[in-house]
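Let me begin by presenting the structure, written as structure tokens, before commenting on it.
Both ligands and their constituent atoms are indexed starting at 1 by order of listing. Any value given below was found using the heavy atoms of this structure, including those in side chains, with hydrogens, waters and symmetry copies removed.
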Amino acid sequence: MDKALTEFIDKLRSAIKKRTYVKLLLTKRVLGNQNLNKIVVRYVELSGKPHLQFVYKYDRNDEAKNFTIEDGITQLQSIIGNNFLDNYLYTTKEDLNLRYNNKNEGKIIKSKPTFNEAADGSHDEAKKRLLDTKKSVYFKSLGITDNKGDIIPSMNAKYKQVEKFVEIIDSLADNVKDCSPVKIADMGCGKGYLTFATYDYLTNNRELAVDMKGVETQENLVKFCNNIAQKSSFGGLEFVQSNINDYKPGELDILIALHACDTATDDAIYLGIQSGAKLIVVSPCCHKQIRQQMKITSNNVLEPALKYGVVMERMAELLTDSLRVLILNKNGYKTKLFEFIEPEFTSKNTIITAEKGEMPSAEEQAAIQAQIDAIKNKFGIKFHYLEKLIENPTDQSWRILNAQCAKSE
Ligand SMILES: C[S@@+](CC[C@H](N)C(=O)[O-])C[C@H]1O[C@@H](n2cnc3c(N)ncnc32)[C@H](O)[C@@H]1O
């Protein structure tokens, strides 16, 4: 073991012992599985015993594995410097970056701490969680928790996404405190992780009367979820098999959607606006629709950057969501657009929150439309799916145009 690695590991041991450890991050992989991008190492307590949880971040998924502290350190000694060349130890006292050069010489760079709160290791302490995982029938049935009510390590990322999302709904719930029942729809609800958690939190923690629907195209998931809702005695929760386009919710108070695919997020936002929802909270998934239309126009100063596929991809995501936000503003919603969770839990971590306010005046709407048009012109975008839905919901001819754009990609 080289000198720098010895010091790095000593600092790691000391941070764990003194409870100043936050996390470890291993990046710049040079050996091993090509699809493995990085490893995040967290401190967790399992049945009261300290462990290191390695979260392996692959292109398409994450995998988690728990080690005792000593076994974890043995793992780290064998891969740091060999498989990973850029490694970060975060503690509440200092940050350490152990980097290897092309001669495989390690060097530690120290800097001020990024984080001021140490990992508390409360991996299995339900009392510290927003949602009670210990007694929950649905978390167990959904495969998030084991028989003891502890979160299964490989499901931790999903749990965290749901918990954070519910936290955000909670922070905005004053918008609906006078509604009884609060009418909620979760669009593209899949296995219903978020649906169950939101219903549970609002009824049992906030003590609100809730009438909630999970909307999903896949029949098997709808049956599966209705069965769990029954087992959980969630009388106000029902799952409905429907395409978002065809769903007629009547009036809604809250519309939510977590990772509804591509334009399904637009369909969900549109339904939220149409049904007068006081609150719309969506975390988009893939962003294909705008990307298919984007062109580098000759007056675009970003041309040298946009020739790179990755820049274009990310720009498409940012523009899709920025336009969604502007369209919501034009329709009387106050919006926020931000990352709701660290990317290690999901790379699809953007969230849009929209609270219904006053409808803008005709002049204000025209000003917002001018901003929308300017962005579209700059990037050669013919139309945004959500804009078309709102402009003319009955004329579906533009859907054909959209499908043609997708084919010519
Ligand atoms: C990526 S999954 C997300 C599921 C869930 N919201 C979650 O975060 O765990 C997207 C789900 O949306 C459903 N879906 C996609 N388009 C839909 C549409 N137009 N109408 C209803 N469901 C849709 C898919 O079947 C899938 O179950």
Side-chain angles (χ1 to χ4, degrees), residues 59-62 131 133 136 138-139 141-145 151-152 154-169 184-201 212-229 237-249 252 254-275 280-289 317 320 324 339-341 343 345-353 385-386 388-389 393 396 399 402-403 406:
D59 282 346
R60 291 178 176 276
N61 65 311
D62 298 346
L131 302 156
T133 54
S136 153
Y138 65 90
F139 273 135
S141 306
L142 293 170
I144 296 260
T145 53
I151 293 180
I152 295 167
S154 60
M155 295 308 287
N156 194 39
K158 191 73 216 178
Y159 175 80
K160 283 280 178 197
Q161 289 169 41
V162 166
E163 188 183 57
K164 280 280 176 190
F165 203 111
V166 173
E167 217 173 284
I168 289 163
I169 296 173
I184 314 178
D186 180 5
M187 297 291 149
C189 63
K191 275 180 92 177
Y193 300 114
L194 176 65
T195 338
F196 283 109
T198 305
Y199 181 87
D200 181 18
Y201 186 79
M212 183 159 188
K213 303 279 187 283
V215 179
E216 169 58 51
T217 45
Q218 297 185 55
E219 188 184 7
N220 57 331
L221 293 181
V222 171
K223 276 192 186 153
F224 172 78
C225 290
N226 273 327
N227 191 12
I228 299 173
L237 174 59
E238 189 194 354
F239 292 83
V240 182
Q241 188 192 1
S242 172
N243 194 301
I244 301 168
N245 288 326
D246 304 324
Y247 187 61
K248 305 268 181 295
L252 275 181
I254 306 181
L255 177 130
I256 57 174
L258 173 59
H259 301 160
C261 320
D262 193 21
T263 50
T265 293
D266 296 306
D267 288 319
I269 296 174
Y270 172 66
L271 207 67
I273 296 173
Q274 285 304 102
S275 55
I280 299 175
V281 186
V282 295
S283 172
C285 191
C286 39
H287 296 71
K288 298 197 196 97
Q289 190 255 322
E317 289 179 15
T320 304
R324 281 173 175 151
E339 288 189 345
F340 74 105
I341 190 164
F345 295 110
T346 173
S347 55
K348 297 170 193 164
N349 64 347
T350 308
I351 200 162
I352 297 171
T353 66
Y385 189 99
L386 177 57
K388 283 282 178 198
L389 276 176
Q396 303 281 303
R399 283 183 194 271
N402 193 45

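Polar contact with ligand 1: present for G188 (N/O pair, distance under 3.5 Å). For the pair K191 and ligand 1, the shortest N or O to N or O distance does not fall below 3.5 Å.
The nearest heavy-atom contact from the protein to atom 19 (N) of ligand 1 is N243 OD1, 3.1 Å. Atom 10 (C) of ligand 1 has H259 O, 3.4 Å as its closest protein atom, hydrogens excluded (heavy atom only). Scanning the protein for heavy atoms near atom 9 (O) of ligand 1, the closest one is K158 NZ, 3.1 Å. In terms of protein heavy-atom proximity, atom 16 (N) of ligand 1 is nearest to A264 CB, 3.7 Å. The protein heavy-atom contact nearest to atom 20 (N) of ligand 1 is I244 N, 2.9 Å. Shortest contact from atom 13 (C) of ligand 1 to any protein heavy atom: E216 OE1, 3.3 Å.
Counted within 6.0 Å of NZ on K164, heavy atoms from surrounding residues, nucleotides or ligands total 12 or fewer; the atom is thus considered open.
Residues Y385 and Y270 place their aromatic rings such that the two centres sit no closer than 6.0 Å.
Heavy-atom separations between C189 and ligand 1 include at least one value shorter than 4.0 Å.
For ligand 1, the atoms lying closer than 4.0 Å to a non-hydrogen atom of S242 are 20 (N), 21 (C). Close contacts of ligand 1 with T217, meaning ligand atoms under 4.0 Å from a residue heavy atom, involve 20 (N), 21 (C), 22 (N), 23 (C), 25 (O). Of all atoms in ligand 1, numbered sequentially from 1 with element shown, those under 4.0 Å from a heavy atom of C261 are 10 (C), 15 (C). Those atoms of ligand 1 that come under 4.0 Å of a heavy atom in G190, given as number and element, are 4 (C), 27 (O).
If you look at A257 next to ligand 1, there are no close heavy atoms at all, none under 4.0 Å.
The aromatic rings of F239 and F196 sit tilted, their planes meeting at an angle between 30° and 60°.
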_Worked verdict on I273 versus L255 for side-chain contact (heavy atoms from CB on, under 4.5 Å)_ = CA-CA 9 Å; I273 296 173; L255 177 130; over 6 Å; no
*Kindly determine whether I352 and I280 satisfy side-chain contact (heavy atoms from CB on, under 4.5 Å), including the steps that lead there.*
CA-CA 8 Å; I352 297 171; I280 299 175; over 6 Å; no
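In this structure, N349 contributes its side chain and I341 its backbone to a donor-acceptor pair below 3.5 Å. Proximity of a side-chain donor or acceptor of Q161 to a complementary backbone N or O of F345 within less than 3.5 Å is detected. Panel note: side chain E339, backbone T350; no donor-acceptor pair is recorded below 3.5 Å. Judged purely by atom type and a 3.5 angstrom limit, E238 has no side-chain atom pairing as donor or acceptor with the backbone of K213. No donor-acceptor pair closer than 3.5 Å links the side chain of Q289 to the backbone N or O of T263.
Of the candidates D186, T263, V162, L258, L258 brings a heavy atom nearest to atom 3 (C) of ligand 1.
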